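Here's the structure we're looking at; comments come further down.
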There are 2 protein chains.
Amino acid sequence: MAVSIGDVATAAGVAPSTVSRALHGRPGVSEEVRTQIARVAADLGYTASRSAASLASGRTWTVGVIAPYVGRWFFGEVLDSAEEVLSAAGFDVLLYNVGSPAARKRFFERMPLRKRVDGVLSLLLPTEAEALALRSLGVPLSLVVGGPRPGFTTVGIDDRRGAELAVRHLVNLGHRRIGMIGTTAAAPLNWTTPSERRAGYLQVLHEARIAPDPRLDVDGRYTVKGGEQAMTALLATRQPPTAVFAQSDEMAMGALRALRLHRLRCPEDVSVVGFDDHELAEVVGLTTVAQPVAKQGAAAARLLLDQLAAPEPTAGGYVQMPISLVLRESTAPPRPQPA
Amino acid sequence: MAVSIGDVATAAGVAPSTVSRALHGRPGVSEEVRTQIARVAADLGYTASRSAASLASGRTWTVGVIAPYVGRWFFGEVLDSAEEVLSAAGFDVLLYNVGSPAARKRFFERMPLRKRVDGVLSLLLPTEAEALALRSLGVPLSLVVGGPRPGFTTVGIDDRRGAELAVRHLVNLGHRRIGMIGTTAAAPLNWTTPSERRAGYLQVLHEARIAPDPRLDVDGRYTVKGGEQAMTALLATRQPPTAVFAQSDEMAMGALRALRLHRLRCPEDVSVVGFDDHELAEVVGLTTVAQPVAKQGAAAARLLLDQLAAPEPTAGGYVQMPISLVLRESTAPPRPQPA
DNA sequence: TCCCGTTGCGCAAGCGCTTGCGTTGAGCTC
DNA sequence: GAGCTCAACGCAAGCGCTTGCGCAACGGGA
């Protein structure tokens, strides 16, 4: 039933080694024999066993992709584009979905990719300990988040400047009381995006001589529901903000929902600006900071392939992707305050 | 650098075979030796080579997941939950993203999972030829779409009845002119969902003695943008519908956007009902037919594991998941027609 | 004609595991 | 104390490839 290289060899009247060489396009096989072998292999429906091949050659033709929450739009999009690039180059994708802290811990302890992959693409920012574990695999590493990192090739965006774009837009519209929905729970995940975006927010407030109010800096857990709850909390403060910067479009959409439930209108009563340019941001008319999500996945995959192809793996390097503010209908000047 | 089973064996003063048995918890190893080996293995940071193990044993401990468009919410969600179940059971997930017809063709021709996986979970409905190719792998197969199929274990929903729920709701509200946004391009993908949902739509129209108008049955390509264009087309007809059934929430959201752009209000001017209960459906207040997406992924994965564990693989079987209409704010009775 | 460089192919030694079977020795029965 | 069973472990044969090396055969230059 399972046809092996030996079967092809005998059927073609040659040695297994010749079959291997022929099928891999390696030199040392005459053109006639090569086509003959190709035909026989096709007739028999032969497919080489990956296990045997990688055991013998050391190459697995597989890359590990480690991601949190594949269901989240951002990660799904990155994964989609990265997979396309990798599979086009002949690599298989081994997916590890390590969202929960438990799964993450288990993963980095057992390191199931040891001897299993030729390279790793990570959509989550490893802690120092995790980075060490990854580097110990001895394969090229690529990151789709964060900044430059020794041993890693990374592609990312300038989160801080993105936040500045968003908040400055609100300031320019005349807002002085600007809330932010981000998260405070990022530390254990070693995820710098929230703090970078917060830094941008604070920077712009500072420039505009607006005193930051900690009560306006709330946690939305980077989910739709969290964003809704965060917005609700903001509306419950003594002096609610006239504008809100949500660190992700998903949280921004949650915020929009909260506004609707409170019978407040956006942007008339409260302006909202998001981050990501989610596929549905356009649908709900959300002003947001756009980042090229799919391109980041593809770029990271391509950088990984470059390293895989290079004779001397040259780790490191950082590619920064462009971002831009996309104006839609969720932002407007604050309504004149009742005197 | 790479520590093999032999290294562990010599370090522990035993034979490789004993190490293998000890680490796999197989009988024939005394408790002392077992703990000793475990300690040595941990000290050396030993991880068995999957290639070697599967070559020798025949088991790969990986399952192939084949999906279209991982970026689409539905598939991302299914993948996420399925991965969780599979990895918890010790299986690795090999992801194949075969969205485009070209990628799909290439995939089924080369069949890269031959000898690579212990089972396959497919999120796309294979054609007869594709099903044949999959069955030829000789491993358990699980599907997250469609109905019962020989050789496959499948979990799905009653698409037809779901559509009936949606359309009947509109009829009950008093609508008589009801459009549908679906797709006509599903045939080459062998994707029965659109036609099933259409059947449900037509069925309810029939029950209500409403003559179906082909001009109200438009293509939205199951994307947000497609839905927007489809709605625009509907609004351009001589006599626009007062209500629309979109076969997916993503298309429904596109439709909502089109309405906004036309300065029409939902549900006052046009009612819209979707299908899926997308994470953001709640945000935009979309009435929709809910299906348990994550549960379907998890269920399919579990069924696959059952077959993998069973001594005698019993393929086949069909699990139908419940669906329900979720009433939100996008549907209302039609406004009285101007006499 | 002889010699040497190519080219084309086969041989065989692994790659690092798993597993059936054989061996050993301890503990038991009678 | 001889013979038995059985647990605990080692031996070695693969699993299906890859690849360095050896060996013909062939052709061209001297």
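Here the structure is a predicted model, which means the values were calculated and not measured. Labels below follow one simple rule: chain letters A, B, ... track the order of the sequence lines, proteins then strands, and each chain is numbered from 1.
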Problem - Annotated protein contacts, base or backbone, on nucleotides 7-20 of chain C with a non-hydrogen cut-off under 4.0 Å, one of B, S, - each - result: -SBBBB-BBBBSBB
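Axis angle across the helix from C/dT1-D/dA30 to C/dC30-D/dG1, with five pairs used at each end and values rounded to 10°: 50°.
One finds a salt bridge joining B/R34 and B/E31 here, because a Lys/Arg side-chain nitrogen approaches an Asp/Glu carboxylate oxygen to under 4.0 Å.
When every heavy atom of B/D118 is checked against every heavy atom of B/P140, the shortest pair comes out as O-CD, 3.2 Å. Taking every heavy atom of both residues into account, A/D80 and B/G71 meet most closely at OD2-N, 3.2 Å.
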Problem - Worked verdict on B/S54 versus A/S51 for side chain to side chain donor-acceptor pair (under 3.5 Å) - result: CA-CA 6 Å; B/S54 37; A/S51 318; 3.3 Å; yes
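The cationic atom of A/R72 (NZ for Lys, CZ for Arg) does not lie both less than 6.0 Å from the six-membered ring centre of A/F74 and within 45° of the ring axis.
The side-chain heavy atoms of B/R149 and B/P126, taken from C-beta on, include a pair separated by under 4.5 Å.
Annotation: ring-ring contact (aromatic ring centres under 6.0 Å, His included) contacts involving residues 13-38 of chain B, sequence neighbours excluded, are absent.
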